[in-house]
Amino acid sequence: MTVLKTSMRNFFAHKGRMALSAVAVLLSVAFVCGTLVFTDTMNTTFDKLFAATSSDVTVSAKDSSDTGETTSDNGKPPVIPAAVVDEVRGAAGVKSAEGTVVSTSVTVVDGDKDSLSPTSGGPTIVGSWNANDARTMKITSGAAPEGPDQIMVDADTADKHGLEPGDEIGVITVVGTHTAQVSGIADFTVTNPGAAIFYLDTKTAQRVLVGESGVYTNVNVTAAGGVSDVQLKKNVVTALGGDYKVQTAEETAEANQKDVEGFMNVMKYAMLGFAGIAFLVGIFLIINTFSMLVAQRTREIGLMRAIGSSRKQVNRSVLVEALLLGIIGSVLGAGAGVGLAVGLMKLMGLAGMDLSTDDLTVAWTTPAIGLFLGVVVTVLAAYLPARRAGRISPMAALRDAGTPADARAGRIRGGIGLVLTAAGGAALYLAGSADKATDGSMWLGLGVVLSLIGFVVVGPVLASGVVRVLGAVLLRAFGPVGRMAERNALRNPRRTGATGAALMIGLALVACLSVVGSSMVASATEELDKSVGTDFIIQSDSGQLITPQAVEAVRGASGVDRVTEYKWTEADFTTPDGKTLKDTAITAADPTYATDLRVETVAGKLADAYRPGSMSVHEDFAKDHGISVGSKIEIAFKDGGTGALTVRAITSSEAVVDAGAMYTSIDTLAKYVPADRMPLDMLLFVSAKDGQQEAAYKALKDGLHDYPQYTVRDQTDYKEALKDQIGQLLNMIYGLLALAIVVAVLGVVNTLALSVVERTREIGLMRAIGLSRRQLRRMIRMESVVIALFGALLGLGLGMGWGATAQQLLALEGLKVLDIPWPTITGVFIGSAFVGLFAALVPAFRAGRMNVLNAIATD
């Protein structure tokens, strides 16, 4: 009980000093809890949606996907004959059965030809209005579609684009473009996470989406009273045989949930990873806080030992303080996490993904995990300072507060740090010299971990040298005030090293990712310049395939010299070594593609791969299966026949553009795949007539005005798009890393604040002998700046080393250019100085307000 009382008294006596550490715990726990609440809410939203929209049993084509995806390589959804509906109605236990038509291989535009597709990446769905939809949606305006000139839209899409009954909408499919007017607006009874949904009447949907009547994509089956979904499925399978896919509502919902699960898991674990980084940075803050508090209470602890407190009791007293800090910070963090989750939901709403707070899901495990992590991390971080407190002898009561550093311990620490750093450097060297990226990545991971730990451990040793250099360059110009700031930073190298290390971690990751991202852009740009021999590339950024009508519009544009079509499909390969490889990708293109994309070959000529009955393979594939020029591969094409193709060329596996592709001609593909099942083009490569590039560029954009889903890019546009994509990814990562940097800034603030308290008498004496408030504040700001720049130098140097090593692995995949983004690195370094200035504002202000006499009288 005495230990607990002592801990409580000390904790609340220094509550101001604990506040910033509590904020660090709060932020880290909030990020963990917010991530879990956010992803759980997304799961709940999708679960409700899939459960509400799934019929008791769904019948679809055998080759349709488990997730209900309604697209195919030829742009038309897989269909089943209308006669199936009557067969299903005859099955036992069936209350009703209704055929529906639905497709996601569509583009919907308004009257100005602007796309109505979601900006969040959600699907655009066009289907026939049916009883199952009527069960899950409520018409809030107008009426359901009747006849070919009417279409209904979901309420969310209508709100986003200002659609009202009577507005004109165009539906673009492989069949053609269909125009109709909005007949009504329907709202979901559950949350729609972001899909754009449009409804036609059944006959119009068949004609527009499939191009023929008498077929459906699905049959929605409702069970009679007392019949379970499982029993109903058995009855339907008995009636139909095994020629169709039959799923219960639960199976359909599970399949759809798996489809979004991958995306949500990536988001969840990525965000938790950044929360882990914040926790790691917070550890340094907590260690520093308790180390300084223990140092400041040396005489007090010595007195406690003198009157009978044991080492264990002192140790336990500090750990109880840490426990209190962890509990308070974690409880507040768990509450803040719910608020963070709501904020993320609002942010996703701005991006086009609608999530309702009505579905907010806070499982009991979420605060439990947050509380556990916060408390455990805090107590573990305080363990070393607690041990140090327990080792204070009773004689410390006779000395001034603060204990001298243990020189022997410093030498041991420095030696261990150097060994770890050297081991990390060796691992990075092995990663950079690896022959395979998979082997090198293991060494890279080990090198990153060891070098990071090594820099953290050796930080106090490095602080002595680096701070002196920074002081000579930056602080000496400020005269005595600058020299005092330098000496204050050097006074406790262990504290300076730990504070700088907190900032170092975040900036090391920023520098590493900057180098990797910049190198990827530079490598891809160089590769495009070397390999792409066409003027324009046409594709859909949303993944839509290119319709035959759009291809004709491109061919008809003025100034166009040639158009190369590019298709992709899957096939089963039987190689000369007797192995059968299922669902292997094969690319079919026009022979001019060999000119449009200059792919390096290691055997044969790529142009020969476009001869009848011929193909190419890449080098690694050829080595794995004993293939040489002249070998034959038996290929069973998806939706087509089987034939033996002769290998005429072997391409380099180090290509960046179209890496790993295996080519054949469109004519060869057409020999085995029926015309109505031929895959649509993924890309078009267009070359202009000599001297007519600008005119052709404008003509292509004008020609595709009615097809807003496709983008025309010249090589400059393509490079900019690539740069923007990588830049957006990096900006998102930087945003998440900002949490760790914020915690690191709190660490600098806390270190300075406690340092000011520790030096109260010293500050009073300096003020008494003539140091002005302005000079005092400047001294503290300079100390903060030099600590921040110390951490920035270590972090940026370490991160560039990681990034350069990672680029060596990318070079094995064809990305051979190392590009150091010096403007970014320089900007981050200069920004670190401003971070130091910002962190020193409050401590410097408080130091300047001290009463001189009271400060001198401080014990």
Side-chain angles (χ1 to χ4, degrees), residues 73 527-528 530-534 537 546 551 561-675 677-687 812-814:
D73 290 346
E527 190 67 23
L528 285 170
K530 289 194 307 182
S531 59
V532 177
T534 189
I537 299 173
I546 301 176
V551 176
D561 182 35
R562 70 169 186 269
V563 177
T564 300
E565 296 185 51
Y566 179 102
K567 304 176 186 290
W568 181 92
T569 189
E570 292 181 339
D572 296 341
F573 284 31
T574 302
T575 53
D577 57 1
K579 295 181 180 178
T580 298
L581 308 173
K582 296 285 187 181
D583 300 327
T584 303
I586 184 167
T587 299
D590 290 324
T592 49
Y593 188 63
T595 304
D596 293 330
L597 186 69
R598 295 181 285 270
V599 179
E600 180 184 352
T601 56
V602 295
K605 295 181 179 179
L606 186 58
D608 292 339
Y610 297 98
R611 290 161 48 185
S614 303
M615 68 176 295
S616 73
V617 298
H618 61 89
E619 187 177 9
D620 290 344
F621 187 86
K623 288 179 180 178
D624 291 341
H625 301 285
I627 297 171
S628 58
V629 173
S631 298
K632 290 186 178 295
I633 300 176
E634 185 178 286
I635 298 183
F637 288 95
K638 178 183 177 182
D639 298 330
T642 300
L645 302 188
T646 303
V647 176
R648 301 290 185 187
I650 298 175
T651 60
S652 171
S653 293
E654 293 186 359
V656 175
V657 181
D658 241 6
M662 295 185 277
Y663 303 105
T664 190
S665 69
I666 291 177
D667 289 341
T668 298
L669 181 65
K671 180 180 178 182
Y672 298 100
V673 179
R677 291 183 174 270
M678 276 288 284
L680 297 181
D681 293 311
M682 293 183 66
L683 302 168
L684 294 178
F685 297 87
V686 183
S687 295
L812 299 175
E813 303 296 324

Discussion item. Between D590 and T592, do the side chains contain a donor N or O and an acceptor N or O under 3.5 Å apart?
Written reply: no
Worksheet item: Does the pair D608 and S614 meet the rule for a side-chain contact (heavy atoms from CB on, under 4.5 Å), with working shown?
Response: CA-CA 7 Å; D608 292 339; S614 303; over 6 Å; no
Report the distance from atom [atom1] of [X] to atom [atom2] of [Y], rounding to the nearest 0.5 Å.
X    : Y    : atom1 : atom2 : value
K567 : I546 : NZ    : CD1   : 9.0 Å
K605 : T601 : NZ    : OG1   : 9.5 Å
I627 : D577 : CD1   : CG    : 7.0 Å
S531 : R598 : OG    : CZ    : 7.0 Å
T575 : D624 : OG1   : CG    : 9.5 Å
T587 : D658 : OG1   : CG    : 5.5 Å

Worksheet item: With a cut-off of 6.0 Å (strictly less than), are more than 12 heavy atoms of other residues, nucleotides or ligands near CD of E570?
Response: yes
What closest approach, in Å, do [X] and [Y] show between heavy atoms, and which atom pair accounts for it?
X    : Y    : answer
D681 : E565 : OD2-OE1, 2.6 Å
S631 : G626 : OG-O, 4.4 Å
G533 : S687 : O-OG, 4.4 Å
A644 : Y672 : N-OH, 4.3 Å
A571 : I635 : CB-CG2, 3.4 Å
Y610 : S665 : O-CB, 3.4 Å

Worksheet entry | Heavy-atom donor-acceptor pair, T534 side chain to V686 backbone, under 3.5 Å |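 Yes; judged by distance alone, with no hydrogens or angles, the pair exists.
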Worksheet item: Is the backbone of T668 close enough, under 3.5 Å, to the side chain of T664 for a donor and an acceptor to pair up by distance?
Response: no
Item to complete: Using salt bridge (charged side-chain N to carboxylate O under 4.0 Å, His left out) as the criterion, list what pairs up with D596, not counting sequence neighbours.
Response: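 Scan of D596 (salt bridge (charged side-chain N to carboxylate O under 4.0 Å, His left out), adjacent residues dropped) gives R562.
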Practice prompt. Go through the structure and list residues passing salt bridge (charged side-chain N to carboxylate O under 4.0 Å, His left out) with K638, not counting sequence neighbours.
Written response: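 For K638 the salt bridge (charged side-chain N to carboxylate O under 4.0 Å, His left out) partners, ignoring immediate neighbours, are D73.
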Item to complete: Apply the test side-chain contact (heavy atoms from CB on, under 4.5 Å) to residues H625 and K579: give CA-CA distance (whole Å), side-chain angles for both, the deciding distance (0.1 Å), then the verdict.
Response: CA-CA 8 Å; H625 301 285; K579 295 181 180 178; 4.1 Å; yes
Item to complete: Start with the C-alpha distance between D572 and D583, add both sets of side-chain angles, then the distance that settles side-chain contact (heavy atoms from CB on, under 4.5 Å), and finish with yes or no.
Response: CA-CA 5 Å; D572 296 341; D583 300 327; 4.0 Å; yes
Discussion item. Out of the candidates H618, E619, K623, only one should pair with S653 under the side chain to side chain donor-acceptor pair (under 3.5 Å) rule; please name it.
Written reply: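 When H618, E619, K623 are each tested with S653, the side chain to side chain donor-acceptor pair (under 3.5 Å) holds only for H618.
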Worksheet item: Is the shortest side-chain N to carboxylate O distance from K632 to E634 below 4.0 Å?
Response: no
Discussion item. Quick test of your reading: applying ring pair (Phe, Tyr, Trp, His ring centres under 6.0 Å), list the pairs with at least one residue in residues 576-601, sequence neighbours left out, ordered by first then second residue.
Written reply: Y566-Y593, Y593-Y663, Y593-F685
Worksheet entry | Pairwise side-chain contact, V617 with T651, heavy-atom cut-off 4.5 Å (strictly under) |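 Side-chain contact under 4.5 Å: no.
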Worksheet entry | F573 vs L645 side-chain heavy atoms within contact, under 4.5 Å |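 The answer is no; the side chains never approach within 4.5 Å.
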